[in-house]
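One structure is given here, and the rest of the page talks about it.
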Number of protein chains: 2
Amino acid sequence: MHTKLFLKGRLRHELGTQEKQWLEDCISRIVTIQPRETLVRRGQRVEYSYYIIEGVVLRHLDDRGGERQLVGLNIPGDFVDLHGFPMKRLDHSTTALGDVKLAEVPHSAIAGLVEKSGHLARALWFSTLLDAAMHREWIFRLGRLNAEGRIAHLICEIIERYRFVDLYDGHTLPLQLLQRDYAEACGITSVHANRSFRTLKERGVLELSGEGRIEVLDEAELKRLAEFRGDYLYGDGDLALESLEDRDEQASR
Amino acid sequence: MHTKLFLKGRLRHELGTQEKQWLEDCISRIVTIQPRETLVRRGQRVEYSYYIIEGVVLRHLDDRGGERQLVGLNIPGDFVDLHGFPMKRLDHSTTALGDVKLAEVPHSAIAGLVEKSGHLARALWFSTLLDAAMHREWIFRLGRLNAEGRIAHLICEIIERYRFVDLYDGHTLPLQLLQRDYAEACGITSVHANRSFRTLKERGVLELSGEGRIEVLDEAELKRLAEFRGDYLYGDGDLALESLEDRDEQASR
DNA sequence: GTGCGGTTTTAACACGCGTTAATTCGAAGC
DNA sequence: GCTTCGAATTAACGCGTGTTAAAACCGCAC
């Protein structure tokens, strides 16, 4: 079952067995792409969406000088461009980080799916809105945090998302981002990304081991530096929300 | 007809008469809110979504110190929080800019709507994805542009969006944002926003007249400073996309 | 009219980050 | 082994933006 990770761990949106099968049946073929290979380019019309079975895909916009700004990153269990189904074309480009294995799903099949099941339609819609929620937090990251906080925030997000799909062991984060990629995600130069990693190491919150692995030494401190609140990822365990809601209500009385 | 501006001017997604009526029938009541009044707070569960009939609503996240980061802004014709329908709670807060008149739409009614019409369901989905597309461009703005470019980019976006709903006369942009609001949208301080406005005035691209009105003197130069490409707004007239696509294809040959 | 509060504007100074460039490191190929 | 090439690392310097504070401005209440 290729799509077993879809919406895994997400609040009230895990799929039933029947629904998972329907989704699985929509796959037209399995595609593999090479490191740094482009999947879809900005402006392109699309008739398929891609679901990640293995690997990581970067989503980015390019400025006039050709410099990239990452606007998102997808991991196993994510659709990369399900929004292409209602939008019909992409406004940004997508590129493989390492080797990536994808399930290709034709939009015609998705159209059948949303007709067949209202609940599944809602779940697909929800999954595209998770991207939007993450985008908002990326805006916050760039607008309100300094370089060190931005990198910490990005790493916190990836830790949480890896947790949902059981790819994080609580210590080593397997993620092949180059320091240049962190820089392109955080709106800083790679030189400054390197400086920031140094201070993070000096604080004892993480270590960089080879192959792009990150050793997380002090997750609590990492979250503090990032002002990280993970509720925007809409995880299952996020009953913290209830109490947050209560607090707000009390504050407004 | 309160909802006559919904998706106006958007590529292949304008609604039919019947669909507009169905949408209109979903409105449970008309709500008005005061300047700077909060509509919904982060973490709150929601059972209604709000469509803007008149006025502007700011969407923002708050950092630990209580400083705000705007993550979006909605104008007449937009749903403020339609994503609350699949998400069930909001991950950010919404606040009125000036006086705002809203149509309240219960989620139960939206559920009926998406069952009744697949096309309308697709259009609603599309409209929430427009927000995501704008978020991505906001990330680009913060990550790749300097203060002056960020303000220029924000103004360019608002000009285009006002055009869709016929609120821009080609010269005067009626928008009551304070310089503090521009600062909170652009990830800069209000002091620096002021500096940036000065240089924009010195370049002769705009003037600030009272009441928060902006006189746009040189839109072409404004777009150049912003590196602005409006195709992410998925407007009707955006056949530029075709040629953009062609260019990409040629480049990859 | 006067006073008041919020916004805009300006100045002076400090610092985070960009820029440039040189050096080190490591993996891949010969 | 040596070479090569990209990435990581470090240093020196400059600029853009933050910080703080004061002054000017403006609408509004009285």
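Because only heavy atoms are used, hydrogens play no part in the values below, and waters and symmetry mates are left out as well, while side chains stay in.
Judged purely by distance below 3.5 Å, without hydrogens or angles, the side chains of A:R195 and A:H192 pair a donor atom with an acceptor atom. Side-chain N/O atoms of B:Y232 and B:E137 include no donor and acceptor closer than 3.5 Å.
Judged by the 6.0 Å and 45° rule, A:R89 forms a cation-pi pair with B:Y234.
Distance, B:D181 CG to C:dG6 C1': 13 Å, rounded to whole Å. In this structure, the CZ atom of A:R180 is 16 Å from the P atom of C:dG18, given to the nearest Å. Between B:Q176 atom CD and C:dT7 atom P there is a gap of 13 Å when expressed in whole angstrom units. When the P atom of C:dC17 is taken as reference, atom CG of B:L142 falls 14 Å away, rounded to whole Å. Atom CD in B:E67 sits roughly 12 Å away from atom C1' in D:dT19 (whole-Å rounding). Across the protein-nucleic acid pair, A:I151 atom CD1 and D:dA8 atom C1' stand 13 Å apart, rounded to whole Å. At whole-Å resolution of the value, OH in B:Y182 and C1' in C:dT9 are 17 Å apart.
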**Study point:** Residues B:R42, A:D231; criterion salt bridge (Lys or Arg N to Asp or Glu O under 4.0 Å); working and verdict
**Key:** CA-CA 10 Å; B:R42 175 185 230 248; A:D231 56 311; 3.1 Å; yes
Practice item. Tell me, with the steps shown, if B:R141 and B:E157 meet salt bridge (Lys or Arg N to Asp or Glu O under 4.0 Å). Key: CA-CA 11 Å; B:R141 177 191 303 155; B:E157 177 180 303; 3.5 Å; yes
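Residue A:G212 is classed as having no contact, given no heavy-atom separation below 4.0 Å to the nucleic acid.
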Study note, to complete from the structure: Once base and sugar-phosphate atoms are separated, protein heavy atoms under 4.0 Å mark nucleotides 9-16 of chain D, 5' to 3', with B, S and - as SBBB----
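Along DNA chain C, the nucleotide nearest to A:R150 and the one nearest to B:L177 differ in position, and the one closer to the 5' end is contacted by B:L177.
Between B:D166 and B:K8 there is a salt bridge, since a side-chain N of the basic residue sits under 4.0 Å from a carboxylate O of the acidic one.
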